[in-house]
Structure formats: structure tokens, C-alpha cells
Amino acid sequence: METKIRLSQDETMVGESEEAGKQAEGSEPTDSGKQTEVGELTEAGSRDGVSELIDVGSRVGVSELTEAEKQSGASTQTVEGIPAGTAKAIKPTRPTKPTSLWQQSLKRLLQNKVATFGMIYLLFMFLFCFIGPYFSPYLTEKTNVAMMNRPPSMAHWLGTDNLGRDVLTRLMLAGRISLTVGIASMALSVVIGALLGAISGYYGGLVDQVIMRFADVLMTIPGLPLLIILGAILSDLKVPSDYRIYIVMLMLALISWPGLTRLIRSQILTLREQEFMQAAEVLGLRDRRKILNHLLPNTIPLLLVASTLSIAGAILSESVLSYLGLGVVPPTPTWGNMMDAANSLLDFEKRPWLWIPPGFAIFSTVIAINLLGDGLRDALDPKMK
Amino acid sequence: MSKHDSKNDKEILLDVRHLKKYYPITGGIFGRTVGHVKAVDDISFTIRRGETFGLVGESGSGKSTTGKTILRLTPKTEGEIIYKGVDLDSLSKQELREYRPSMQFIFQNPYHSLNPRQRIGDAIGEALLDHGMATPAEIREKVLEVLSLCGLSSYHYDRFPHEFSGGQRQRIGIARAIILNPDFVIADEPVSALDVSIQAQIINLLSDLQEERGLTYLFISHDLSVVEHVSDRIGVMYLGSLVEMATRDELFAQPLHPYTKALLSAVPIPDPTLKRERIVLTGDIPSPADPPTGCKFHTRCPYVTPHCRMEVPAYRDVGGGHYVACHII
Amino acid sequence: MSNTLVEFKHVHTHFDTDEGIFKAVNDVSFRIKEGETVGVIGESGCGKSVTALSLMQLVTAPGKINDGEIWFDGRNLLGLTRDQMRQLRGHEIGMIFQEPMSSLNPVLTVGEQIVEPLQEHLLLTKKEAWAKAVEWIKKVGIPRPEKIAKSYPHELSGGMLQRIMIAIALCCNPKLLIADEPTTALDVTIQAQVLDLLRQLKGELGMAIMLITHDLGVVAEMADYVVVMYAGQVIEEAPVLELFREPKHPYTQGLLRSKPVMGQRQKRLYSIPGQVPNLAQLGESCHFHERCASCMEICRTKQPPLRTDGDTHKVACWLYEEGFGHEQA
Amino acid sequence: MRQYIIRRVLLMIPTLLGASILIFFVFALTPGDFVDTNLKLTPQRAQELRVLYGLDKPIIERYFIWIGNVLRGDFGFSFKYQEPVSDVIKHYLWNSFLIAFVSSILTWCIAVAVGVFSAIKRYSWFDTLVTLGVFAAMSFPSFFIGLLLIKYFALDWKVFPVGGMTTTGSELAGFGHWVDVAKHMFLPVLVLTMLSVGTLTRYFRTNMLEVIRQDFVRTARAKGLKEKVVVYKHALRNALLPAITLLGFELPALFGGAIITEKIFNWPGIGRIHMEALAFRDYPLLMGLTMLLAILTVVGNLIADVLYGVADPRVRLK
């Protein structure tokens, strides 16, 4: 159900944006100023006593803050019956360093063992692919017919392929391409998505309708079939192989930017309803400052999580395309096209070391990215779940 | 609140004339308007310089919407808002921006009115920079001055909102508003989200600031005891309309409108010895989407007459600036 | 003398979170007699809600009742099995919460949600239970009970929903009703209606009520006996008349003076300086000493015990221990 | 509610039109077409064929001809199969539907059970196991799972057939036939289920965690109801509510065919036809298939919204 994976990945993102979107519309502004101090005081919104306590306790070094309180409160107190201000003022201890939300998020992320494992594994994968080849004796990649199809041995840890090349080295080189394509296409779709999402979210009106309808049209065709069709057309155009990589990046970005645009747009709509944006309006801040100082910093967390997860999606899609021979074609190696060794029955059955390692490489990298992405989401904004 | 003598306090700072704010209800296939939620329905009142005008009412009374419409946070449907003799709607976006510093707003929810990712020092000083009322060099010193004025310390400058309690965040919101040296401040339920002891601190702070800087307040709240404490004149709103308006002492001494009487008698008094005969209104507050015909209060009014059901009562001065909208008075 | 229905004996409920151990309920002891309304007052974070949840044993993770005993009708609830406790809930002890709008299941009709406890505890058949549910909807003063029983929660107003919650809590004729801030989320006029209903039902059914609130007015009106809590501890308890006439603990005095009272206007509100201490960093001291105007050396080092001063007035403050403070004027 | 549906249907039309334009011009603009793939033809014969198939007319005109036919239900003529596209689709549609439907049922049952259970037993070992399992399922490249299963289950241990729908050359009828198909179906269904069960399980787990925190669950406990009544009647019902919309999104997957899985398992469904049409540049068939997918997606979205309205009384009674 390939269409389902891409769809389902989008669907979880869309699911989130719809949730956020729903909040954006919101009901007619009721002005019930109810004193629900328990409910309102707790940002996390969970109702029972816990959050009320944690909120009360979360203030950093509250005791020394009260010193400042005391000055303003006690000094002007002249109240009969209770002698004013006899308590000695407590010398304020040097407060701890202010912790920004980013530092807090980083701390929460590092506490999440699974996400940290994902991060370390990704680091290893990057070193393996980008630095690894320099350690391998077979970097020069000359085909050596004598050493064809050797099973894994001390000389070739992962054996050799049908052209006698060392599978491990090719795996590293292929990793470079797959990772670069994944990240580049993500960057492209994030830039397009963020830009269009911000514009249609902030300015709304006609431009919003045009962008949204265009995104809808693109999203009516499930990602994978569209990708496969574009891939087929690409191979028709007889594009020289080293340009193909860039066009594959373009195609992956083309099918993933609508999802991101919708996500960013609903985030902007939600933010614009927040009171601190109305405060910016009352303060008479210029649009530029509203966008750069207020909207953008509060969108970055969502952007960070969405782009991390879209790398995983891009790598998966690229591998499927290359496996079908429609994405990056040999001689440039990617994990995907190394897998087409499995197409010949003989290699498939007798030489699993040809196609299992690249498959596992894709799987392990993507799962690490997903774990990191999920950890990032919890760390950055627990409400964003 | 003591009267402020230095400036000519007779000058009318804000004159609201027949203000209306209707939210369209869409229906049908093409989403055409099939009705209106009359959130604010023909409100008129004036506020003099140095005065605190209290606006009290229950949920759905439209008091917060009134505040936001006056400052053009949401576009109005009808009516005029004359501020210092200038009709705010005649101003272009740019001209309005220049007027912004002199009219400020304090929000109800301390947790949502501050940008979570911005240090409070920048949050307070940002507007000064943007309006060119201070050079970047002076900013820190000006912010520290207003921080201490609001009961906060210098090392709070670099802190982030999540490190403060509800009461302290409200102080930051106040500091952000007064650093622009405004003449007029709308406080929308500034203390509703706070505990009693913290509430008292903020109310005292607001009155100190009024005395030192000659501020004029529009104080919006659902809590009658707080409104009685802070206001010079009070307007009572019900379902989008002003039903009564008078000076504080007169309104609490002899309320005229049946709703005001019921409202005053419904507030629990922290004195167990007090045995009061309470007017308990029957039924629920009608939905602002389809308000009752004639006088909107007739569905719950103990003195309802057939006349009340047909005709909307005129909002008139029954003597000495005591306005009321009721047929039987 | 009606005998004791509920007794808290040195109850400790702590929340073990990564920001430290929050001592939400810190050695709390007090009694509730049969048919008596006890008001538990205090500000946010004083542990009043957690005390009620401990009685019902509905404290959610990471909260846990670490120590102490909670006696109900002659049995220590902490000794009961999970199922025994469950059978008490909704049958012997009813509970209503603060947010009526979100306390009912949005996808089940109101009638179905009243029928559930009836069938569970009184073992009525579906038909009998439905009839009793409609009867109870009428008893809590809602017109057209049959139609209301079939409607969904989102179709009703806040006031009506709170009445339904009261019907659910009382339909199995419990000995105790716990009301956790029952009218905080309601408008003043609706609050008056709900408080009247509670008084009327108490007259009829004679159940004891544990009323938790931060509103001194509501306590003065409803409670027979008052327990004041601060930072997880009981700092004062007394019959309602005595507590309001002669509050002993500086915190209670401060609270009573900070609240603006209609008709008794003060020029300036007394405000207790500072804010509630962090419940994770409570030392061996009187937790109020930082904010106390008459703080003495001993207050900073040792925790005052809850001592009876006069026949029924208990207070935990060194001012009232022999040899330390002077008798309060 | 009714007006909402009518408005949504009206909105569908421009979206589908836009999709049809996109699909048509993606194919029409590419150089080369079916006639080129047949190298045996003399240039002169090739030109004749082009005229016959109307490939020589200007693009805009061809689009209107094509869209005109589509509106009348005629999706054009497949070069490779020499029969109308709609017949080709009808013939292979139900094979794809078979594995997709079975896999959906399986996916939903597992996802609900596992998702809800792991939400209730939040910090248990089961929950962590499920979370890792969910991430694994989401991260597997589809063809990799397929290849692994074939290698071990089909080739090495010979438990299941390597591919195809029925053992070649068998005239089994009735029950015997279906047993044979079932044996062939097992691995593809397993792959499809593993691919989609991950996201759905996480969706149900998150929903359940969200609902358990709500006030009305605490009220249910305060009423003294049994724990399983609280969880399975009150909490679960609200957790499943938003999931109904996902049924709508299943539509394209049910009929659209699983391109990769069908290729690997050589399963005669819509997906494999899609791949073959690509190989032969059979554009009319491709356009028909992609248009079918677009229609299914848009109709699926509409069904999703309508189902949500029907399920949630708050929306239904608006």
C-alpha cells in the first residue's frame, strides 16, 4: 500500500494541522472573564491538582523573587492592627542563569533515551557515509572481474558485487547520495512550504485561496503514483545521469511541499489568534517586527519537527524510485538502486549480501530519523503532540 | 480612585457613540449571512481624563468585545469612537499606528499575552524602539525604570515568561503598556485569573500608576466588588446593551434597573452574619445569537410587562447623569 | 452532637515529579460531621482540591497518598480494596467539579449519564433508572426534564450542566457531597441559583457537604465550619461566624482584608506581599513566614503545630503559643 | 449538515478539474508516446497510427476531447490491451481490492487493540515495545519487507508461494480455488498490513492518551463505575470518534492498488497494471488510472468529513 505510507505520513501531519486548523477558526470571541484561576493558570491545561502544583512550583527560585515583591508591597503598607514591615528583608541570592525555552527543550530531548540513541545513530551514519570511504582500500572503484560475487570475507566485509566492486564501500558512497537527496529535497520543500504557508496564513484572502487550491490539486494525486510517473518521464528525457540526482530532489520536493504549506499555514492562523499577537497590534508594532520577532520564533519548533520527519519520507521515496529504476540510475549508487540486485532471481536467493545491507541501511536510518523527530516534538512543545 | 487635579480633568478623553459590533452567522450553501450575533448593540458613553470607567456584565454581555472594538483590534459594524476629539476610524493604518502608544490594553490571561520565546526586557522595550521613542542605548535603562515601578527587579530583564507566576506576568503586561506613557488604558479583566492576595497587589499597582501618571482607565470585569473598588463611574451591560450607568456611589446605593438589582444581590458577601433578601433570577442567559424581542431582559425580569416584550426601552438620563434603559422606571 | 462522618488524620499526598517532590497535602487533619457543610478555602496550590481527590482516591499519577488515614463512616478508606472503594464512590460519596462544560461525556445523552450510577449502585432496571433520572432532572430545577434527558451536553448551558452534575452526584442518596469549586466557572446570577439549589437539597436530604472554594463570599454564605489551607497545610479552622468575626492566623486576616467587599469600600486594599512558596522546596519552618507581617525568629526555623485556642477555634501560628507571641489585640 | 455536504461537493468540482488538467499535461508534454515504443513500425506507418489515435491534434484540443469522454464515463482506449480503459480497470480492480480490503480489516483491528491497550498500560514494557514496533513499521521501505518475506518464507522455508494469485495451471474450482488464492494472498496482505499498522496504532494511542486525561473520564470514575466501563465505554468511544474520518482516507488505498507490493508479489491488480502501463507508455490507461486515484482521494476526503459529522453529535446537531 505504498500510496498509503506516503499518504499516512502526510495524514499524520495533516491530522495535526487539521487539529491546529480547527483551533484557528475558534468560536465567536466570548468574553466570559470567569475566574477559572485553576484552569487558566495551568498552561498545560490538564485539570487535576497536579498541574496547579507544578505550575506554582515551576517558578525559578521563587523565594528570592519575593524579595522584590516585598519592597513594593510592604513599603506602602500602613494597615491598622498589623505592624508593617517588621520582617527583615532577605538578601536576594544570585539567581540561576535564565533558561530559555530552547535550553529547556534541549535538556528534555537529551533526557529522552530513545531520541538520543536516534541522534547518535544518525551521527554514526553520517560519519560512515561521508568519512568512511577514505578508510576503505577500494575507494578507487575500479571494476575487477576476477573478484566477482565473493561472499563476505575478511578482505571484503560485505563481499563484492557482480562487477567485483566492494559492497561496503559502495554502501558508503550510496549513503552519501541517499542522505544528500533526502536532506536537499527536505530543505527545498521546507523553504517552499514555509514561505507559501506564511504568506497564505498571514495575508489570507485571495492569495491564500489560490495557494490552497493549488496545494489541494497537487494532493489529490497520491504521492507515489505521481512520483513514479514523473520518474518515468525523467528517464524518457534522457537526462545525463549526474543531473538526475537534482531532478529527483526537485520531484521529491514537489510532492511534499503541499503538506508542509498546510501545516505552517494552520500554525500561523493559530498564532495570530493568540493574545500576545493582539498585544503586538495594540503596541503598534510594524508588520516586519510582528513576523520576525513573534510569528517566526514560534513557528520554528513545528518547522524543525516537520522537516526532520520529511527527511525520513524523502529517503523512503527516493529508495522506492531508485529501486524501480526511475530515480537515480547507476553508475551513481544509492541505497535504492543497489537493491535492484534483488531483481535477478539468482542474486536474490544466493547472494543476499548484495541487497540486504542497503535495505537495512535505509530502514535503520529512517527509523533513527523518526525516533529523533518524535523526541524533538515532545521536547519542543508537549502540546504539539 | 482619587481625582487627578493637575490636568484639566473635565476634558472628555473618549466619546463612544452608538457603537455596534455584529458577527455574521453564515448559512446556506454559499455561506451567505443568515443572521447576526449582536455582541455589542448600540453602546454610548464618555470617559473623562483621569477617571476610571468600570464596565461590568456577565458572559456574553459584550464587555470585552466593546474594549477590543474601541481599540480597533476587531473592526466595528457601526458607530463612532472619538478619542481626544479624533474619530479613530478616519485614521489610515499608518496614522492609527502613531496613535497606538497613547491608547494601551492590558489583557486578562497572563499566560497567553506574553510571547513565550521572548525575554521580558525585550517584550517591554520593543514598542519604544519600533516607535522611535528611544534609541537602542537608552532602552535598557528605560525598561529597568518601568520594571521597578511595577514591582519587578533588574535581573528579571533577561528572564522568559515561563519563569514567572501569574501575578508577576500581569505586572510585566502592565509595564509593557505604561512604558509608552499612554493617556488611556483599557484593562480587560486584569485580575480575574489571579488569586485574591495577588489581585489586591495588582489593583493597588494600577491605582498607584493612575495617581503618578494621570492615567484614564476603562476597567472591564465580571467581579462587582472589584469594579466597585476601582471605578468612579460604572456601566452595567446585559447581552450587548448598556442597561444602566451611574457614579459608583449612586449605582451601589440605589440601583434602578431590575438586572442591576439582581446582579448586586447575587454577589456573595464574606459576612456570615448578613442575612439579605436575595433576588434570584429564573432561567438562563439567552444566547446573543437570537436575543429576546423588545427589552432583552424581559425573559428573566421579575417586573416584566407586555410593553417590555414589544418595545426596546430608551436609554435615558433620569437625572444627575444616572442613565437607565427600562420602561417601568 | 452528630457524630463524625469524615476524619482526615495526618494525611500526606505527595507528587514525585522531575522538578522535585511536591508536598501537595502535608500532614492535614480535620473532621466533617454528619449533615455539616465544611468550607475548605485557600488559594491556588494550597492543596484543597488534592485533599478532596485523596478522600475519593482519585489522585492521578505521579500523585500518591504516602501516609495518614482517611476515616469515612467508621472505616479507614486507605485500608479498603480497590473495588470496595469503587462501590463507595457515587453511592456513599458524590462529587461535583468546577468545569461543568467539560465534565460530561460529549457523545452520550444527559439521561444515559445519570442512569449509570443508578444501575451500578441501586441495581435498578433500565426503565426504573430512566424514570428516576427524569425525576432527578426535575428535582434540580430544570424545565422539560424528558426532553433534556434525551439531549447532549453541548446543547445545555453551564448552569444547567452543573445542575445535572448535582443530580448525578446525589441520585444514590450519598452521605457526603464533595463540591470542588462548584460555581467558580459560572456567572454570578447563575451561581446564586446553584448555591440556592445546594442549600435546598441539603435541607431535604441532610447530606454533609465538603465545599472547596477560593471565594470567601461563597464560604460565608454556605459553610457551617471553615478550614483554611495554605501550602498544603491546615493553618486555621473554626465555626464560620467565629472565623469571620475574629480571624487569628495572619494569612486568614490578610485574605479577609484583601478581598474588596461590596458596600464596605476601603481607600486602599491590604495586600499580602509575595506569593505562595514553591511546594518542592518547603523547609522546616512556617511556610507563611516570608509573607507574614508579624514574623518572628522562631517562625523561620520551626513549624507551628495546629493548637486549639478557645473551644473550637484551631490555629497553627507561633503568635498563639505560650511564651512566644503576645496575645493578638 | 446537508448544506455543508452540498458546499463540499461543489468545491470538489474545481479540485478535480485542476487534477485532470495536471494529469493530462504531465503526460501530453512528455516527448515520445506509445507509437514510439513500437520500433518495428515504419515512420510512415507510425504517422498513420498517430492520426488514427488523434495524437497529432494540438494539445488543448486533445485535452477537451479526453475530458469530454471522461465526463461521459469513457476513460479512453488502452493501446496495450486494445480495450477501453474502464474495462481494463474493471477487470483488475477487484484483485487489488481483495488484498487491500483484508489488509485494512487486519490493520484496523490490530491498531485499535494495540493502540488502546498501550495507552492504558502507559509506562509498561508493552507500551515501549509497541512504540518501537510502530516506528519500525513506519520506517520500513515497502519493497524491502516484501523481498525479505519472499526470501525467507517463500524460497528458503517454502511455506508460501513466491508470487501470483493462483498456482499456475491449476483448474481448482470453488473452495479449493479460494484456498489456493488465500495461500498466495498471505504474504502481500502481511506486507500491506505491516506498512500501515504503524501510523494507525500511534494515532489511536495518542487519541486514547488525550481522552483519558479529560474531565468526564474523572467524572465517570467519581460515579463509581467499574474501571472497564470507564475505559471501554466512556474513553474508548471518544477516542475512536475522530478515527472514523480515517475511513474516508482508506478509499484510495482500497481501490488504488499497491503498486510496489503487487509488482514484487506479481499480484494481478491495478498496481501492477499501473507499472506495466508505465513501461509501455500506454498514456490513456495511465491517465485513466491516475484520474481514478484522484477521484477516489477527493471522494474519500468528502466521506471522511461526512462520517465525522454523523459520528459526533456536536457536529451532527449543529
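Below, chain A is the first sequence line, B the second, and so on; all start at residue 1.
- Residues L264(B) and M262(C) come closest through the heavy atom pair O-CE, 3.4 Å.
- For D187(C) (side chain) and E58(B) (main-chain N/O), no donor-acceptor pair under 3.5 Å exists by modelled atom type.
- To the nearest 0.5 Å, the span separating CG on L194(B) from CD on E43(C) amounts to 10.0 Å.
- In terms of heavy-atom proximity, G274(C) sits nearest to Q201(B) at O-NE2, 3.1 Å.
- Atom NE2 of H214(C) and atom CG of D195(B) lie 7.5 Å apart (nearest 0.5 Å).
- Under the 4.5 Å side-chain criterion, counting only non-hydrogen atoms from C-beta, S225(B) is not in contact with V261(C).
- For the pair A200(B) and Y270(C), the tightest heavy-atom approach, listed with the atom from each and the gap, is CB-O, 3.7 Å.
- The distance from atom CD of Q264(C) to atom CD of E228(B), rounded to the nearest 0.5 Å, is 9.0 Å.
- In terms of heavy-atom proximity, L263(B) sits nearest to V188(C) at O-CG1, 4.1 Å.
- Between the side chain of Q275(C) and the backbone N or O of I198(B) there is no donor-acceptor pair closer than 3.5 Å.
- Of the listed residues (A253(B), P270(B), A262(B)), the one with the most heavy-atom contacts under 4.5 Å to chain C is P270(B).
- Remark: I269(B) CD1 to L216(C) CG distance equals 11.5 Å, nearest 0.5 Å.
- In this structure, CD1 in I279(B) is found 12.0 Å from OG1 in T189(C), a value given to the nearest 0.5 Å.
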Derivation and outcome, salt bridge (Lys or Arg N to Asp or Glu O under 4.0 Å), residues D208(B) and R268(C): CA-CA 10 Å; D208(B) 296 348; R268(C) 185 171 186 72; 3.0 Å; yes

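- The greatest number of non-hydrogen atom pairs below 4.5 Å with chain C, out of I285(B), V267(B), D284(B), is found for D284(B).
- For the pair L241(C) and P272(B), the tightest heavy-atom approach, listed with the atom from each and the gap, is CD2-CB, 3.7 Å.
- At a 4.5 Å heavy-atom cutoff, V219(C) makes no contact with chain B through either its backbone or its side chain.
- The part of T282(B) that comes within reach of chain C is its backbone (N, CA, C, O), which places non-hydrogen atoms under 4.5 angstrom from that chain.
- Remark: D180(C) pairs with no residue by the salt bridge (charged side-chain N to carboxylate O under 4.0 Å, His left out) rule, at least two apart or across chains.
- Note on residues 221-230 of chain C: pairs passing salt bridge (Lys or Arg N to Asp or Glu O under 4.0 Å), not counting sequence neighbours, are R278(B)-E221(C), R199(C)-E221(C), K202(C)-D224(C).
- Note: L281(B) leads L281(B), L224(B), D271(B) in heavy-atom pairs under 4.5 Å with chain C.
- Among S265(B), S197(B), A266(B), the residue with the largest count of heavy-atom pairs under 4.5 Å with chain C is S197(B).
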